[in-house]
Amino acid sequence: MRHTTVMKDKKILADKGLPPAFKLPPGAERIGLGHGAGGRKMHRLIEEMFLRYFGNPALNRLEDSAVVKLPKGELCFTTDSYVVKPLFFPGGDIGKLAVCGTVNDLTVLGAKPLYLAVSFVLREGLALNTLERVCRSMAATAKSAGVMVVTGDTKVIEGASAGEEMFITTSGIGVRHKGVRLGGEFVQSGDRLVLSGGLGEHEAAVAIARGGYHFRAKLVSDCAPLNRMILAVLKSGSVKLMRDPTRGGLATTLNEFAQECKFGFLIVEELVPVKRAVKGVADLLGLDPLYMANEGKVVMVVAKEQADKVVRTLRRFPSGKGARVIGEVVKEPRGVWVKTKLGALRRVLMLEGEQLPRIC
């Protein structure tokens, strides 16, 4: 998908909605090496698949680099790769995950996400209707987040695997909202830690999809773009530092905070929300919910007097229904600590290694 754009029109997908399902031509049901070779097959794939879902007046130019118009202000830029296995899981798929991950990485820096670049690496033999499902999901997620896919690339690698595989790299740019000031230098002792909802739902959903476990409780990934919810909180001007706790979970994110701020972060075990189904998966697989990945949560450091207001704002949105204060910033002890149900303090270190591979 070697195409990029001159950006003049910020309009996203047409208001009439996404196109109908892609109709596969006879004999072209699976990806072949020719789809990444730069010739007719690749150009047909671009026109019949990628432009079908991501097309807009700017993207349709199919030029070699993107020239975008940006509002004045601080530019935020991020990039990430997604290798989740399986490609589809309860509550999401690799395409939705890629868009949400990049949108959220921009958002937690106080930026308005604007444009995405999407690069596909497809394994030979991938079914075209699998790729179509992913593209359709990405287009819907990008539209809901208010971002445009403006450039990208496609490569095909040889060799069959035990299952269908694709890898996606997304890069995003956005502009920081005027007046936003975020960083560890603003954090003070007594500030509160606010979490937007339950931990571990994404990693648990992927584990269930991968392992074929059967649970009575319904459990889906929390994968979602958070930009509209976080913007509502930022308007209050009370957030000092925030991050989306993805790989490594809440524990690793708070350790990153502690390294940046030189304070201690104390969370109260009884206040940390974890669904019963997630606890079941964690117990079954020997995982700790504090380290489990999330793809639709945000943890914030806010001023003590503003904490309740932030929680109320978060709860106005589906992704923030479970928001609550879970702890506070302390001068001592430094590092990350959990106050257990028995009243003891337990040190929580940064994740060493990986609990479950290929979760995002």
Side-chain angles (χ1 to χ4, degrees), residues 78-105 107-108 118-121 123 130 133-134 137-138 141 161-172 195-215 217-226 243-256 272-299 319 348-360:
T78 188
T79 189
D80 211 342
S81 295
Y82 298 85
V83 298
V84 67
K85 186 176 183 180
L87 299 178
F88 302 92
F89 46 84
D93 56 80
I94 190 172
K96 180 181 181 182
L97 185 63
V99 173
C100 291
T102 300
V103 165
N104 293 343
D105 281 349
T107 301
V108 294
V118 179
S119 186
F120 291 93
V121 176
R123 189 175 293 279
T130 298
R133 285 180 63 191
V134 170
S137 175
M138 292 184 78
T141 307
S161 63
E164 295 185 318
E165 281 196 322
M166 76 169 70
F167 312 107
I168 300 177
T169 296
T170 46
S171 299
L195 181 65
S196 63
L199 295 179
E201 292 161 23
H202 173 70
E203 188 159 337
V206 172
I208 290 173
R210 186 180 300 172
Y213 307 108
H214 298 286
F215 290 85
K218 184 178 180 182
L219 199 158
V220 298
S221 170
D222 60 350
C223 184
L226 303 177
R243 196 81 44 87
D244 53 331
T246 53
R247 287 174 297 173
L250 177 67
T252 297
T253 297
L254 291 182
N255 272 280
E256 293 170 349
V272 178
V274 182
K275 288 183 177 179
R276 180 178 298 180
V278 174
K279 290 181 180 177
V281 173
D283 290 343
L284 179 66
L285 299 179
L287 305 177
D288 185 341
L290 287 177
Y291 292 97
M292 291 174 71
N294 314 273
E295 291 292 345
K297 298 295 186 300
V298 60
V299 57
S319 293
V348 179
L349 301 175
M350 190 173 290
L351 178 64
E352 185 75 31
E354 193 167 22
Q355 289 203 123
L356 192 69
R358 294 185 63 176
I359 52 173
C360 61

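Residue indices begin at 1 and follow the sequence shown.
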Visitor: Could you go through the side chain to side chain contact (heavy atoms under 4.5 Å, CB included) check for V134 and F88 one step at a time?
Guide: CA-CA 9 Å; V134 170; F88 302 92; 3.8 Å; yes
Visitor: Of all the heavy-atom pairs spanning I359 and A293, show the shortest one and how long it is.
Guide: CD1-CB, 3.3 Å
Visitor: List the residues meeting ring-ring contact (aromatic ring centres under 6.0 Å, His included) with F89, not counting sequence neighbours, and say none if there are none.
Guide: H202
Visitor: With a 4.5 Å cut-off on side-chain heavy atoms, are P225 and V99 touching?
Guide: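 Counting from C-beta outward, V99 and P225 never come under 4.5 Å.
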Visitor: Would you say V84 and V206 make side-chain contact, with heavy atoms under 4.5 Å?
Guide: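 Side chain of V84 against side chain of V206, heavy atoms only: contact under 4.5 Å found.
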Visitor: Please enumerate all residues that pass side chain to side chain contact (heavy atoms under 4.5 Å, CB included) together with L219, with sequence neighbours excluded.
Guide: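 Residues passing side chain to side chain contact (heavy atoms under 4.5 Å, CB included) with L219: A204, A205, I208, A277, V278, V281.
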Visitor: Among all residues two or more places apart in sequence or in another chain, which pass the side-chain hydrogen bond (donor to acceptor under 3.5 Å, both in side chains) test with T170?
Guide: T102
Visitor: Kindly write out the residues that satisfy side-chain hydrogen bond (donor to acceptor under 3.5 Å, both in side chains) with S319, not counting sequence neighbours, or none if the list is empty.
Guide: none
Visitor: Which distance, rounded to the nearest 0.5 Å, do you find between the CE of M138 and the CD1 of I94?
Guide: 8.5 Å
Visitor: Any side-chain heavy-atom pair from D93 and R133 closer than 4.5 angstrom?
Guide: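 When only atoms from C-beta onward are counted, R133 and D93 do not touch, as no gap falls below 4.5 Å.
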Visitor: Considering all heavy atoms of both residues, which atom of R210 and which atom of R358 are nearest to each other, and what is their separation?
Guide: NH2-O, 2.7 Å
Visitor: Answer yes or no: is there a side-chain heavy-atom contact under 4.5 Å between S137 and K96?
Guide: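 Answer yes - side chains close enough.
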Visitor: Could you check L226, T246, T78, V298 and say which one makes a side-chain contact (heavy atoms from CB on, under 4.5 Å) with N104?
Guide: L226
Visitor: Could you state the interatomic distance from CD (E295) to OH (Y82), rounded to the nearest 0.5 Å?
Guide: 6.5 Å
Visitor: State, to 0.1 Å, how close L87 and E164 come at their nearest heavy-atom pair, and which atoms those are.
Guide: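 That closest heavy-atom pairing would be CD1-O, 3.8 Å.
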Visitor: Can you list everything that forms a side-chain hydrogen bond (donor to acceptor under 3.5 Å, both in side chains) with E256? Sequence neighbours excluded, please.
Guide: R243
Visitor: Taking side-chain contact (heavy atoms from CB on, under 4.5 Å) as the criterion, tell me which of S196, C360, P245 meets it with N294.
Guide: P245
Visitor: Where do V103 and T141 land on the side chain to side chain contact (heavy atoms under 4.5 Å, CB included) test, with the steps shown first?
Guide: CA-CA 10 Å; V103 165; T141 307; over 6 Å; no
Visitor: Does any part of the side chain of D105, heavy atoms only, come nearer than 4.5 Å to the side chain of D244, both counted from C-beta?
Guide: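 D244 vs D105: side chains touch.
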Visitor: My understanding is that only residues two or more places apart in sequence, or in another chain, count here; which of them pass side-chain hydrogen bond (donor to acceptor under 3.5 Å, both in side chains) with D222?
Guide: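 Here the qualifying residues are K297.
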Visitor: Quick one, V220 with E201, criterion side chain to side chain contact (heavy atoms under 4.5 Å, CB included). Give me CA distance, side-chain angles, the key distance, then yes/no.
Guide: CA-CA 7 Å; V220 298; E201 292 161 23; over 6 Å; no
Visitor: Any donor and acceptor pair, going by atom type alone, linking the side chain of T252 with main-chain N or O of L351 inside 3.5 Å?
Guide: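 Yes.
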Visitor: To the nearest 0.5 Å, how far apart are NZ in K279 and CG in L199?
Guide: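 Taking NZ in K279 and CG in L199, the distance rounds to 10.5 Å.
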Visitor: How long is the span from the CD atom in Q355 to the CG atom in L287, to the nearest 0.5 Å?
Guide: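 Spacing of CD (Q355) from CG (L287) equals 4.5 Å.
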